[in-house]
Amino acid sequence: MTSIKKKDILNCIDYCKQNKLFDKLNKVYSNVPSGDCAGCGNCCMESVGINLIEFINIFEYLNENKELRKKSLSKVIDYYFLEFTKKSACPFKDEDNRCLIYEVRPLNCRLFGHWKKEDYNKNLSNVTQRNIDYNKIVKSKYGFDISNEVVNYKIKYCEDFIPQNDYLSKSDRLGFADELMTLDSNIYSKGIIDIEFKDRGIVEYFIDYFFNEDVSYSIKIRVTKDEDVREIAINRLKKILL
């Protein structure tokens, strides 16, 4: 059984439409200041954290475009199961550095570039340290090292992005996040979806839709340790799931 059931997602979509939660989500997005982005795509290199309401919104968007759904979710599978062996770009970035889901891109993507440099670099240091600590856990438990490229990869502060007004303070950024948490709470409180509340990246949400969490992680460990079965296993999963 998968960690996130399709029928629950579809019920959430219906609920969000009936109660205009997608409209409220778009209102939050519209209040994020704009800025001048060079479009280099250097920032699109991770599974950004998203909220439940954002996952439901993206799921619905992909459901309306079957070709885009298959293409992007194939890359989601690659990203997740190869994550310990190589650093990949966000699976929703195309070959021309364009976002495949730009219209429904998550809040964290919209806020990138609006951070003050000091805040950003402090957070980046924390992320790197967490990667190093997690690698030690994996090494101790499973006997292999996560690729050094992955552990130490840094999305550098963007010097080229020019915000419309000024850079956002931490409290301003958290204010947007709090609004999305309120929308999430509206869904959770109705008991429409039966999932554990925890931080998930966009990739992890879709993997939990495909698999039970323990199963997906076990497969990930297996294909990381055994290069001989890696490509065969991942291609077989795509045939079954997509």
Side-chain angles (χ1 to χ4, degrees), residues 2-4 6 9 13 25 29 37 39-113 127 130-131 134 146-147 149-156 158 195 198-213 215-224 227 230-242:
T2 61
S3 294
I4 303 178
K6 184 175 182 179
I9 299 173
I13 291 172
L25 173 63
Y29 285 162
C37 173
C40 65
N42 290 337
C43 60
C44 306
M45 290 298 296
E46 63 181 352
S47 170
V48 297
I50 64 172
N51 285 74
L52 174 61
I53 181 70
E54 294 185 296
F55 167 65
I56 296 167
N57 191 40
I58 295 167
F59 189 98
E60 168 72 351
Y61 183 81
L62 293 178
N63 259 7
E64 295 175 353
N65 188 328
K66 303 302 181 184
E67 184 178 342
L68 173 60
R69 180 184 187 278
K70 185 173 183 178
K71 177 181 180 180
S72 53
L73 294 189
S74 174
K75 293 167 70 178
V76 162
I77 291 170
D78 285 336
Y79 185 102
Y80 178 80
F81 289 106
L82 298 175
E83 188 176 14
F84 290 161
T85 65
K86 68 175 185 177
K87 182 59 189 167
S88 300
C90 170
F92 296 97
K93 181 172 84 165
D94 72 9
E95 297 78 12
D96 298 315
N97 290 328
R98 296 175 301 185
C99 178
L100 295 169
I101 56 169
Y102 187 80
E103 292 84 353
V104 292
R105 68 195 186 282
L107 177 66
N108 276 329
C109 299
R110 296 169 191 262
L111 288 176
F112 188 87
V127 169
R130 287 199 298 270
N131 289 346
Y134 185 65
I146 300 173
S147 165
E149 175 193 24
V150 174
V151 172
N152 293 295
Y153 192 88
K154 295 180 175 64
I155 300 176
K156 295 181 180 179
C158 184
I195 61 172
K198 64 176 185 177
D199 289 335
R200 288 180 175 88
I202 189 170
V203 166
E204 288 71 34
Y205 262 107
F206 280 101
I207 291 298
D208 281 356
Y209 161 70
F210 285 132
F211 300 94
N212 173 276
E213 183 180 356
V215 171
S216 60
Y217 196 77
S218 295
I219 296 172
K220 184 175 187 174
I221 295 299
R222 171 73 191 280
V223 300
T224 300
E227 186 177 356
R230 191 176 299 159
E231 183 175 354
I232 295 172
I234 292 174
N235 287 337
R236 186 172 296 168
L237 289 173
K238 289 180 181 180
K239 286 182 180 179
I240 295 171
L241 299 172
L242 305 178

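Nothing here was measured: the structure is a model prediction, and the numbers come from that model.
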Query - Heavy-atom check, side chain of Glu54 versus side chain of Phe59, under 4.5 Å - result: no
Query raised in the report: Are side-chain heavy atoms of Pro106 and Ile58 found at a separation under 4.5 Å?
Result: yes
**Report entry** Distance, nearest 0.5 Å, that separates CD1 of Ile77 from CG of Leu237
**Finding:** 6.5 Å
Query raised in the report: Is any side-chain heavy atom of Arg110 less than 4.5 Å from a side-chain heavy atom of Arg105?
Result: yes
Report summary line: Closest heavy-atom pair, Lys71 versus Glu95, reported as atoms and distance to 0.1 Å, is NZ-OE1, 4.0 Å
Requested in this report: Answer whether the closest heavy-atom distance between the side chains of Ile195 and Asp208 falls below 4.5 Å.
Outcome: no
**Report entry** Nearest atoms (heavy-atom pairs only) where Asn131 meets Val150
**Finding:** ND2-O, 4.1 Å
Query raised in the report: What's the verdict on side-chain contact (heavy atoms from CB on, under 4.5 Å) for Thr2 and Asn212, showing C-alpha distance, side-chain angles and the deciding distance?
Result: CA-CA 4 Å; Thr2 61; Asn212 173 276; over 6 Å; no
Query - Heavy atoms from other residues, nucleotides or ligands near CD of Glu149 exceed 12 (cutoff 6.0 Å) - result: yes
Query raised in the report: Rounded to the nearest 0.5 Å, how far apart are NZ of Lys6 and CG of Asn63?
Result: 6.0 Å
Query raised in the report: Are a donor atom and an acceptor atom from the side chains of Ser47 and Glu204 found within less than 3.5 Å of each other?
Result: yes
Report summary line: Heavy atoms of Val48 and Cys109 approach each other most closely as CG2-SG, 3.9 Å
**Report entry** Nearest-0.5 Å distance that lies between atom CG in Leu111 and atom CG in Leu107
**Finding:** 4.0 Å
Report task. For residues Val76 and Pro91, report the shortest heavy-atom separation together with the two atoms involved. Result -> N-CB, 3.6 Å
Query raised in the report: For the atom pair CG (Leu82) and CD (Glu231), what is the distance rounded to the nearest 0.5 Å?
Result: 9.5 Å
Report task. Could you walk me through whether Asn42 and Ile155 pass side-chain contact (heavy atoms from CB on, under 4.5 Å), step by step? Result -> CA-CA 7 Å; Asn42 290 337; Ile155 300 176; 5.9 Å; no
Requested in this report: Would you kindly check if the NZ (Lys) or CZ (Arg) of Lys220 is within the cone defined by 45 degrees around the ring axis of Phe84 and under 6.0 Å from the six-membered ring centre?
Outcome: yes
Requested in this report: List the steps and the verdict of side-chain contact (heavy atoms from CB on, under 4.5 Å) for Phe112 and Cys158.
Outcome: CA-CA 8 Å; Phe112 188 87; Cys158 184; 3.9 Å; yes
**Report entry** Heavy-atom check, side chain of Lys238 versus side chain of Asp78, under 4.5 Å
**Finding:** yes
Query raised in the report: So, Glu213 and Lys198, do they make that salt bridge, N to O below 4.0 Å?
Result: yes
Query - Within-4.5 Å side-chain heavy-atom neighbours: Ile50 and Asn108 - result: no
Report task. Count the heavy atoms of every other residue, nucleotide or ligand shown that sit under 6.0 Å from CG of Asp96, and state whether that count exceeds 12. Result -> yes
Query - Interatomic distance, Lys93 atom NZ to Ser88 atom OG [nearest 0.5 angstrom] - result: 10.5 Å
Query raised in the report: How long is the span from the OG atom in Ser72 to the NZ atom in Lys75, to the nearest 0.5 Å?
Result: 8.0 Å
Requested in this report: Check whether any side-chain heavy atom of Tyr29 lies under 4.5 Å from a side-chain heavy atom of Glu103, and answer yes or no.
Outcome: no
Query raised in the report: Would a 4.5 Å heavy-atom cut-off, applied to side chains only, mark Leu100 and Leu68 as touching?
Result: yes
Query raised in the report: Looking only at heavy atoms, which two atoms of Met45 and Tyr79 are closest? And how far apart?
Result: O-OH, 4.2 Å
Report task. Taking all heavy atoms of Arg230 and all of Val223, pick out the closest pair and write down the distance. Result -> NE-O, 2.7 Å
Query raised in the report: Are Phe210 and Tyr205 close enough that their ring centres sit under 6.0 Å apart?
Result: no
Report task. Go through the steps to decide whether Tyr80 and Ser216 satisfy the test side-chain contact (heavy atoms from CB on, under 4.5 Å), and finish with yes or no. Result -> CA-CA 9 Å; Tyr80 178 80; Ser216 60; 3.5 Å; yes
Report task. For residues Phe55 and Phe206, establish whether the separation of their ring centroids is below 6.0 Å. Result -> yes
